[in-house]
Each structure stands twice: as C-alpha cells, then as structure tokens.
Amino acid sequence: MSDHSITSAPLPRPGGLAARAQAAPAAGYLSGLNPEQRQAVEATDGPVLVLAGAGTGKTRVLTTRIAHLIATNRAFPSQILSVTFTNKAAREMKERIGHLVGAVAEGMPWLGTFHSISARILRRHAELLDLRSDFTILDTDDQIRLMKQVIQAEGIDEKRWPARMLSGFIDSWKNRGLAPKDVAPGEAAVFANGKGGTLYAAYQDRLKTLNAVDFGDLLLHCLTLFREHADVLATYHERFRYILVDEYQDTNTAQYLWLRLLAQGRRNIACVGDDDQSIYGWRGAEVDNILRFEHDFPGATVIRLERNYRSTGHILATAAKLIARNESRLGKTLRTEDELGEKVTITGAWDSQEEARLITDEIEAMQLKGENLAEIAVLVRISAQMRELEERFVQTGVPYRVIGGPRFYERAEIRDAMAYLRCVVSPTDDLAFERIVNVPKRGLGDATIQILHNHARATGFSLLQSARAIVESDELKPKARTSLRELVEAFGRWSQRAEHMPQGELAELVLEESGYTEMWQKDRSADAAGRLENLKELVRSLDEFPDLPAFLEHVSLVMDADSGDSAERVSIMTLHGAKGLEFDTVFLPGWEEGLFPNQRALDESGRAGLEEERRLAHVGLTRARKRLKLYFASNRRIHGLWQSSLPSRFIDELPEEHVEVVQAATNYSQGGYGASRFDRMESFGSSYNTPGWQRAQENKARGGGSGFSENGSGFGGNGFGNGRQRGPLLIEGELTAKSSGTSAFDTGARVFHVKFGPGSVASVDGNKLTVDFDKAGRKMVLDSFVQKAG
DNA sequence: GGCACTTCAATTTTT
DNA sequence: TTGAAGTGCC
C-alpha cells in the first residue's frame, strides 16, 4: 500500500534543473516543487532533517509532505504527529493542508504545539502521574503567585530571592527535562543559599495538591509518563507512524527528549528547521539539537533548501555574507534567481531621534509613491526602541501598528474573568479564587486571606470551601464576613447555573453579579472602555466552545491575539517577533554596538551570545523582499542617559559590493563605512575583546557568584518574631483538627485562640466550637484556629 | 484601603 | 527616562 505514483500528473520542470527530473509521474500536489523540496517531501521513511533557509518554502514542504503521506496511504491523518512551536504556525499548517487534501485535514488531531499535544496526552493518562484528568494549566502569572507562597512558606525573604527569579530557574530546569531530583545539587543551590532544590520540590508538591501543572510540566510529565510506562509509550509508537517537527532549531532539551522517545518506535521523524534562525537560546532552545541531528538519528537524510524565493540578490547576498561569520552552523548558502534589485542601504544618524525622522521621511515618500504600508516593517532589537519611532509616526501621521506586546489572554481583565470562571468550574482552584476574592474590592484584604489560608492548610480544604465554613463562624469581622458570605453564596449559585446555562450567558451573569463589569464601568481611566470591550469579546468567543472546560483549556494553551484588522499600516515589532514574516520593505534601526549585538547577550553568553545576535541580524535581513534599510545612530538615550555609540560590528561584516552607505553620521567622519575599528577583524577569536567580554571572563574565573556578604543579623527582630511565634502555635491545632474527623475538643476544655485569647469551650458542633472567651465573650470559631490551653 | 511618595532596575517571549 | 513595586501616611 505504499506506492509512489498515484496520479499521472506530469512532472514539473523547474527551470534550470531539468536534468534531475526523471522520476515517476508526480501527483498534482508535487507540481511546482523544486527538486530539493520534492526530495524533502518524498523521503518519507527514516529520519530526515530538512535545513530550510529563510524564504525557501519550508512550510510548503511540511504541508506537502503531510499531504503526500496521506495521499499515498502511508498513514491516516490521525497517525501523523506534527508539532509546531506556536499556535499560529499550527493554524497555518492546518489551513494549508486543508487546501492540499481537502476536508481530510479536519481529522488531524495530532497537529499542534508541543504543549497542546502534551496536554492532550496527559489528560488521557493523568492518573498515572498522580493527577486528575481535569488538571488546570497555570500560566506564568499563576506560577509566580504560587511560587511566592512556596517561598514564604519556607521562611525565605522574598525580596532577596524573588519568586520571579526562582520561577525562571525552575523553568530552565524543566526546559532541560530536569525534575527536582535531577537537578544537580550545586546548581540548585544557587538560589536562596542552597534552598533551590527544596523549593523546586515544594513547588511541585503544591502543584500536585492543586491538581495543576505549569507549561514546563506539560512536557516534563510526558517524559515521565513515557519513561515509566513503556506500555503507554508503545501505544503512541503504534499510533504515530510519521512525526514532523517544525522549527526544529527552537526545540529545547525537554522537547528533544520528548521527540526522541516518540520517534524510537518507527524512526520516521522529519525535522525542518534552520540553524541560522535559532534565536531563542535564551529561553532554553538548543541549537545543538539541530547541529547534532545526524548523530542523534544515525542514517539520517539531510536535505538543504537553499533556493530563496523571497528576496532580491543584493539583500540575499548581504544576509549570506553576514551569517557566514558564524562558526556554529551547518552551513547553507542561500541563492536566488531573482534580479539583484536595490542595494541594501546603511544610514548613519546623529541620534535616535534623527534616525526616527529619517525612517519616517522615507516611509512618507513611499506612501506618496503609492506603496502599500502593510508591506513595510520596522524591526527593532528591543522594545524600548519603539517609543521614539511611535512618537515620530504619531507626529507625522504615519499609520502604524505595534505587533507583539501583551496578548489578549494576558490582560488583567481577561485573567480576572477567567479566574471567576475557573472558580465556578472547579471550586478547588485556589489560585483563581485568590486572584478575584477581592476584585472588585470587597474589603477582603490580606488579613482575611490569611485566615482563609490558615483554615485551608489546617483542614485540607480549598480556599472557597474554607470560606464557606468560616462565614459560619465569628472568625471574621462582621463586615468582611458578610462580604465573604455573599461571594460564597454567589459561587454556589453560579456553579448550579453552570449546569444548564450556555457558558457565554453564564459568564455574563458572573461578571455582572460579581460587580466585575461595574468595576470597570466606574473606572475613569483611559483604557477602561477597551477592557470592557475585551470582556465582551471574551464572552462572545466563549460560545464557540462546547463547554466551559474546553474553553479554559483553549485559553490557557491556544488563544492568541488576532489583530484581525487589515488596514494599511506600517508594522513595528521586535526582530524576534518578525521571525516567519516577510515584507517588501524592511527598516532596521539601531545597529550599534551594545544595542545590537546586545551587550547583555555578549556578557551573559559570550561567543554563543554573539552568534545568536548575528542570527538575529540574519533573521532581520532576510525578512525583506525588495528593500532593506539599516540605520545606526551615534547617540542614543539609554535608561535616560545619552550615550554615544559605535556602528555595529555587524555593519562591518556586510559585503561592500551589495550595500550602499547613504549618508554618514555627522560625527562619524573618521572615514565612514569601511574604516571602523571592526575592519581588521580577521576571525572572531582574535577580535573578541570588548570590555563586557573581559568582564564576563573575569567573573567566570572568579567562580561566578559576586559574593553576597550575608550575615543574617538583627533585621526586623521584633515584628518578625511575633509572626514566627504564631506559626507553630497554629500548626499544633491544625494537626489535631486534621487527624480526627470531628473536633478534638470537649465541652469545657480550655482553649487558646490567636485573636480572641483564652477561653472555655461551651459547645461543639462538628468542627465548629462555641467558646466563651475570657476577654472577647462568646464566639463561634473553627477548631482549626484554636489550640488546647492548660 | 487608597493615595502620594521613594526606590530600583532596565533584552529578546512562547506555551 | 520610564515603569513597577514597595513604603508610609491618612
């Protein structure tokens, strides 16, 4: 059932390479592919690495390959695993496969991001990992809030050791596929004087308790599942006849291991990527994965796509020359049969304002000539560069849009609304509850939350459940108690409604009754209207899903901002954000030492950092189809201070015959282009001696740490001490309460309550005690808040 | 709990 | 310079 020729469409004859074309008649979908592309499509079996340079038809190869697998009956759509990094890429692939093979693509259940596919697998086998199949997926925000709690619980000063930082460490461990037990002790110790490992483990424990996973866990738990349950892995080997991976150069170690485990079965894995476009090393991507492919998958076929269909000659030559400077690369040379086109221009400006002015002027001129603004992009190294450009655009009335920035589901109002819905769906979602318990303001501040937490910890209930118990007691002041009771009752009501009501309607009801909508309606700030609009949009999109849980999954894994407006505007974005896009005209401002290559990348990652910056430059250059314009400014304001800067070494690395210096900076008169201090650079090693590099080397030699002189002496001696004392007292009571189903207190017993002081138990009703306090009088309290007193 | 004030740091970003 | 996040005061 595996036959190559299924139709008799004539073989396409790509110009100039006819000699190769003598294979069997090709299927229609193969027409128009060049020989390398076609080879990449037809090399179906065994490991394949497709090195697809920028603009060489990478997505086309991927989608055609899938169509080919299906059309030749090698696999059903449901037997093909195709992984991408972003949802956008997954969506585009689905769409394009749809064009190729028709409705069959609907049945490609295993086309998605690493994370969404992992989530899918995990939900099926959750019980094997000590999770329930309805586990929640936490995003970064939840993650950090949870981490804060863990850090506090360990009695560590959160200011000295920020949760964000630990979160970063844990993320990078997870990126490398390391569970708490796998982290090298020395490495785990860098955080909080040796507590890093403990905290990581504690964090994982908390997640388990909450029946939650973070993004990294999706991959990590899958690895555990595959490794510890050979039978489960075998079913996936059976299922996935073919594996395809997009943007392989961006995979991190965990993803690599994930792929390797799955590919072990049939060994039909095709990875498509471009080592020259690996720009995410800083978030765990390992260029090494792609560089090592042939070693990892022996007998691999490697196919290079070097024929570029995007850029004109000068542009392509410029990009090729620059990237050739990198040492860690597999090596490709992009070619084009297109005309040379316009030379790449380099313009020096006195300062960043002049730079913005020059760019704006050019854009205006192009606009007058009738160019489509949607085909123009300004790509910057760091977001901070955007401001001056935007200011100038606003001044001159050039329409623009900023691409990137906070995503729809990251916005506070969306996250708040979702937290409400999460609480309705699962009353044990403490993080969600905590997020909205006092939003809008209900007078339920830290003190109240603390009480809820104490009870929750003591009883093992969730916060919402604890709240339900606590409002029946006198633990809270009347005001807070009433307020909390209302909230608890509202959640009870909403949960009931959830069973019958369409989720969109329910969401509207929840947002209305909780006062959340009102909160923004009353808000006088400028963006309130936008936020209400976003909420409406959220409610609208809710109805596109079968149920609320499906929606929540979608939002945590899949949703991204779809700026669907197609008006003609110039795009401004970071170089990272531009990967995968192309424009007729590309402006690249800020090519200065320190900014680009970025000093920090150099300091932190040395040579590897420089090479990644160079790849980033290469990505920028290859975004342009027809016109490419680089800029540098001699003066730029950095953190508010004016600093003078030198043109980027990357400028000196461009081929003179393909670039044109339009205008030297006023103060850049020592010879202009071709005479800078970088001219002498023969090879990387000899010239790499910037101050930052030297500093980095010195630090490394000293052994890294810059010696925190910590001598935990008298700081906060008294206020802190009180809090300390309270901890153990409570735990005593907690244990008692936990161990027995009913209260451990008898009528008449003497007890001590943190807030009300000593008293005698008057009566007992389950976990509720009526106590006559010596000073505070008769109160109803929960047993978890008192301890026995002598 | 909300405000005005100080302090501190400061790439790139997806899931 | 800006912005977030924390502090202190009412």
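Please read these numbers as outputs of a predicted model, since none were measured by experiment. Lettering of chains follows the sequences in order, A, B, ..., and the numbering in each one begins at 1.
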| task | Give a yes or no on whether the backbone of A/Ala285 and the side-chain of A/Asp250 come within a donor-acceptor separation of less than 3.5 Å. | result | no
| query | Under 5.5 Å between ring centres and under 30° between planes: true for A/Phe85 and the base of B/dT15? | reply | no
| task | For A/Ile382 and for A/Gly404, find the nucleotide of DNA chain B with the closest heavy atom, then tell me which residue's nucleotide is more 5'. | result | A/Ile382
| task | Would you kindly give the CG-to-C1' distance between A/Asn175 and B/dT13, to the nearest whole Å? | result | 12 Å
| task | Return the value, rounded to whole Å, for the distance between atom CD of A/Glu612 and atom P of B/dT11. | result | 16 Å
| note | Regarding the side chain of A/Ala601, the nearest nucleotide among B/dT15, B/dT12, B/dT11 is B/dT11
| task | Starting from P on B/dT13, measure out to CG on A/Asn87 and report it in whole angstrom. | result | 17 Å
| field | Side-chain N,O (A/Ser383) to OP1/OP2 (B/dT12) below 4.0 Å | value | yes
| Sugar-phosphate, base or nothing in reach of A/Ile117, heavy atoms under 4.0 Å | nothing
| query | Can the ring centres of A/His618 and A/Phe650 be said to be less than 6.0 Å apart? | reply | no
| task | Considering just the side-chain nitrogens and oxygens of A/Thr140, establish if one lies under 4.0 Å of OP1 or OP2 belonging to B/dT15. | result | no
| note | When rounded to whole Å, the CG to P distance for the pair A/Leu379 and B/dT13 reads 12 Å
| said: For A/Arg145 and A/Asp142: C-alpha separation, side-chain torsions, deciding distance, then whether side chain to side chain contact (heavy atoms under 4.5 Å, CB included) applies. | reply: CA-CA 5 Å; A/Arg145 283 189 300 136; A/Asp142 290 327; 2.8 Å; yes
| request: Please indicate yes or no: is the ring centre of A/His639 less than 5.5 Å from the centre of the six-membered base ring of B/dA9, with the two planes inclined by under 30 degrees? | output: no
| Under 3.5 Å, is there an N or O donor on one side and an acceptor on the other linking the side chain of A/Arg637 and the base of C/dT1? | no
| request: May I have the distance from A/Leu138 (atom CG) to B/dT15 (atom C1'), rounded to whole angstrom? | output: 13 Å
| A/Lys522 NZ to B/dG2 C1': how many Å, rounded? | 16 Å
| query | With sugar-phosphate meaning primed atoms plus P, OP1 and OP2, does A/Arg387 contact a base, only sugar-phosphate, or nothing at under 4.0 Å between heavy atoms? | reply | sugar-phosphate
| Any chance the rings of A/Tyr631 and A/Trp591 have centres within less than 6.0 Å? | no
| field | P-based separation of C/dA5 from B/dT12 [nearest Å] | value | 16 Å
| Sugar-phosphate, base or nothing in reach of A/Gln143, heavy atoms under 4.0 Å | nothing
| remark: Of A/Ser116 and A/Leu616, the one whose closest nucleotide on DNA chain B sits nearer the 5' end is A/Leu616
| Ring centre gap for A/Tyr280 and A/Trp282 strictly below 6.0 Å | yes
| query | In terms of side-chain heavy atoms of A/Thr86, which of B/dT11, B/dT13, B/dT15 is nearest? | reply | B/dT15
| message | I need the CG-P distance between A/Asp141 and B/dT15, as an integer number of Å. | response | 16 Å
| Does the side chain of A/Arg164 get closer than 4.0 angstrom to OP1 or OP2 of B/dA9 through an N or O atom? | no
| query | Atom CG of A/Asp603 and atom C1' of B/dT12: how far apart are they, to the nearest Å? | reply | 15 Å
| note | Quick note, A/Thr113 side chain, CB onward, closest among B/dT11, B/dT13, B/dT15 is B/dT15
| query | Can you say whether the rings of A/Phe545 and A/His554 are parallel (under 30°), tilted (30 to 60°) or perpendicular (over 60°)? | reply | tilted
| Below 4.0 Å: OP1/OP2 of B/dT12 and any side-chain N or O of A/Asn598 | no
